[in-house]
Amino acid sequence: MIELKNISKTFVTKEATVHAVKNATLSIAEGEIYGVIGYSGAGKSTLVRCINLLEVPESGTLSIDGFGTVTMQPGKKKPDFEPADGSGKRALTEKDLQRLRKGIGMIFQHFNLLDRSTVFDNVAFPLKKSGKSKEEIRSKVAELLNLVGLTEKANSYPSELSGGQKQRVAIARALANEPKILLSDEATSALDPDVTESILKLLKELNRKLGLTIVLITHEMAVIKEICNEVAVMENGEIVETGHVYDVFNLPTSDIATSFVESSSGLKRIDKLFAGRSPLVQKTEAGDVLVRLVFAGPSADEALITETAKETGCRVNIVLANIDLLEEKPLGSMIVMIKGTKEQTAAAVKKLKDSGVRVEEVADDDVRKEEEQ
Ligand SMILES: Nc1ncnc2c1ncn2[C@@H]1O[C@H](COP(=O)(O)OP(=O)(O)O)[C@@H](O)[C@H]1O
Ligand SMILES: [Mg+2]
């Protein structure tokens, strides 16, 4: 549906030259909810704005199903364009750009509504130049407001709405021209957690009902966890990791993805236990080991721990536990203290590993090192 190949975007200002996106390659399939996560300044917004060419990259290729392929021509003013209709290569025109943007809706953190217009007029705004009659526009707006659950608010002004309702108006407006793609740039970052949940639920519903492909930028792993199928992790303008959401949560490979996954899992609280010298993390016997266990899929249960303890003669104390449901599949992680002689705990670790559990030792040195940085 969307392919970015070797996309680079540099901003040159008086103060500095910023390589906002460096050589990014990304492939997003039709009907996917694709997450892009990274800290502030990582280049997420710039990358996503390259999809509708709100930012024109200086190099790289952009392909959109049903539209065509745009190839940047470094040094030349206009990119090359090969339309999907097979009419042959030419320079990209202003009209092509308009058509591209019409097929891609966008929503933002601060909603960007017209404050002096009613909800109805906000949603009708993109239809002004569509050639539709007044009656057609009226019925289209009614349909959209119904879709986002705001039928009763048609005559209200944005100032009379809650944040969640404002974002619903923005979503209805973004869908006015029946785009196949929706770009969401931190759309839930200004909302309370329960409102965030309802907006994410709405996006998921639209994805399913309309077959809408959604590219969703966020700095919160919880949002990715909630609705995305695929995720790209960005750092310093680069895409450092991509994959199925379940796989990235199960086994992140980059440091930054690991830190995002940990921050959303609840196991981060181990830092506090170390800092407070909690007895839960104190080793008292020769063989004691403190480990993080990651159970993927059906092995995510405590029965295995009980069985391991019984079989090896260890005692296993659960310090922290967290079970997630990602795309309906359970993913569990736990920090446990395995207590006993060296032989006993080694046997326990082996048994857990043999059962398909990932076992990583947790040392409070790691935590101290982080604190010193
Ligand atoms: N229009 C611009 N002019 C100059 N620098 C920009 C512009 N837009 C973004 N940047 C810079 O590019 C980098 C990436 O920004 P952005 O894509 O907004 O990151 P993110 O969305 O991940 O926070 C930042 O250093 C930012 O300051
Ligand atoms: Mg941004």
Given side chains that start at C-beta, do those of Thr242 and Leu26 come closer than 4.5 Å, heavy atoms only? yes

By side chain to side chain contact (heavy atoms under 4.5 Å, CB included), which residues pair with Glu241, not counting sequence neighbours? Val233, Val248, Pro252, Thr253, Ser254, Ala257

Check whether Ile7 and Ile28 end up in the same hydrophobic cluster, where Ile, Leu, Val, Met, Phe, Trp and Tyr are linked by side-chain heavy atoms less than 4.5 Å apart. yes

Tell me, do Ile224 and Glu220 make a side-chain contact under 4.5 Å, heavy atoms counted? no

Less than 4.0 angstrom from a charged side-chain N to a carboxylate O is my criterion; do Lys76 and Glu58 meet it? no

I need the full list of salt bridge (Lys or Arg N to Asp or Glu O under 4.0 Å) pairs touching residues 339-350, with sequence neighbours left out, sorted by first then second residue. Asp288-Lys339, Lys350-Asp354

Should the pair Lys225-Asp324 be classified as a salt bridge under the 4.0 Å nitrogen-to-oxygen rule? yes

Looking at Arg269, I'd like to know if its CZ atom is crowded, meaning that more than 12 non-hydrogen atoms belonging to other residues, nucleotides or ligands lie closer than 6.0 Å. no

Close aromatic pair by centroid cut-off 6.0 Å: Phe249 and Phe260: no

For a side-chain hydrogen bond (donor to acceptor under 3.5 Å, both in side chains) with Glu186, tell me which candidate from Gln109, His110, His219 qualifies. His219

Partner of Met72 under side-chain contact (heavy atoms from CB on, under 4.5 Å), picked from Asn6, Leu92, Thr61, Val56, is Val56

Crowding at NZ, Lys78 (>12 non-hydrogen neighbours, <6.0 Å): no

